[in-house]
Amino acid sequence: MTRLNSNQVIALLLAVVSVGYLAMAWQIPAFPLPRPIDSDLFPKVLGFMLLGLSVLLFLEKPQAQDVPEELDPEEQQLPLLLRPWTRVVITALALAAYALLLVPVGFVLTSVALVFGLAAYYGYRRHWINFATALGVVLGLYLTMTRIMGVYLPTGVLPI
């Protein structure tokens, strides 16, 4: 038996997650009135897409240039908070904080904080433009989803 490379291990983990996600998607109750697109369609499509992408990742052949022999000296000179793996960890922690604060604080404030904070962390230094863009996009999404599409999003501390 051959040894699995890192992409294949990640693909197997993603496949397990997608199968669990699909199992939960099949438990979403159907809407009582007949509709062409029901509430369970989008989660099922996402689950099958993740499962298909994990299969493709498993079958991908690693290239010689994909595995560096030694660490890049430029990356070693960077401060700890700006190294690539640290950025991945900080982004994952920011998304976890977003998920935990979404209901108590509200969609608008947490989404603006996430977009503004990550853009600033990744190096965008025009803070007023960053804030205006984050606020405009989030408010546009919020108003479209709540007023036009009828989707409930948590208001949190804002009386919107």
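As the structure is a prediction and not an experimental result, all values here were calculated from the model.
- Minimum interatomic distance between Pro43 and Ala25 (heavy atoms only, all atoms of both residues): CB-CB, 3.8 Å.
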* For side chain to side chain contact (heavy atoms under 4.5 Å, CB included), just list the numbers for Phe48 and Leu22, CA-CA rounded to whole Å, side-chain angles, deciding distance to a tenth of an Å, and then say yes or no. => CA-CA 7 Å; Phe48 280 117; Leu22 281 169; 4.0 Å; yes

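- Between the side chain of Asn7 and the backbone N or O of Leu57 there is no donor-acceptor pair closer than 3.5 Å.
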* Asked: Is there a side chain to side chain contact (heavy atoms under 4.5 Å, CB included) between His127 and Phe116 once you walk through the steps?
  -> CA-CA 8 Å; His127 298 303; Phe116 178 80; 4.0 Å; yes

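- By the rule that hydrophobic residues join a cluster once side-chain heavy atoms approach within less than 4.5 Å of another member, Leu14 and Val88 end up as members of separate clusters.
- With hydrophobic clusters built from ILVMFWY side chains whose heavy atoms lie under 4.5 angstrom apart, Val115 does not share a cluster with Leu100.
- The two residues Val112 and Ala134 make their nearest non-hydrogen contact at CG2-O, 4.0 Å.
- If you take CD1 on Ile148 and CG on Leu143, they are separated by 8.0 Å, rounding to the nearest 0.5 Å.
- The minimum heavy-atom distance linking Ala11 with Ser54 is given by the pair CB-O, 3.2 Å.
- Both Leu114 and Ile90 are assigned to one and the same hydrophobic cluster, defined by single-linkage of ILVMFWY side chains at heavy-atom distances under 4.5 Å.
- Side-chain atoms of Phe107 and Thr146, non-hydrogen and from C-beta on, never get closer than 4.5 Å to each other.
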* **Audit row: Tyr21, Leu51, side chain to side chain contact (heavy atoms under 4.5 Å, CB included) steps and yes/no** => CA-CA 10 Å; Tyr21 183 81; Leu51 185 60; over 6 Å; no

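- A distance of 12.5 Å separates CD1 in Ile10 from CZ in Phe58, rounded to the nearest 0.5 Å.
- Between Ile129 and Tyr124 the shortest side-chain heavy-atom distance falls below 4.5 Å.
- Hydrophobic side-chain contacts under 4.5 Å tie Val16 to no other Ile, Leu, Val, Met, Phe, Trp or Tyr residue.
- Here the side chain of Gln8 pairs a donor or acceptor atom with the backbone of Asn5 at under 3.5 angstrom.
- Scored by the side-chain contact (heavy atoms from CB on, under 4.5 Å) test, Phe42 finds Leu46 as partners (sequence neighbours excluded).
- Across Gly140 and Thr144, no two heavy atoms sit closer than the pair O-OG1, 2.7 Å.
- Between Leu141 and Val137, the closest side-chain pair of non-hydrogen atoms falls below 4.5 Å.
- The list of side chain to side chain donor-acceptor pair (under 3.5 Å) pairs with a residue in residues 108-121, not counting sequence neighbours, reads Tyr98-Ser111.
- In this structure, Leu153 is a member of the same hydrophobic cluster as Leu102, with clusters built from ILVMFWY side-chain heavy atoms closer than 4.5 Å.
- Cluster membership check: Leu139 shares its hydrophobic cluster with Val151, using side-chain heavy-atom separations under 4.5 Å among Ile, Leu, Val, Met, Phe, Trp and Tyr.
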* To do: Take Val105 and Leu158 through the side chain to side chain contact (heavy atoms under 4.5 Å, CB included) test and state the conclusion after the steps.
  => CA-CA 8 Å; Val105 178; Leu158 293 179; over 6 Å; no

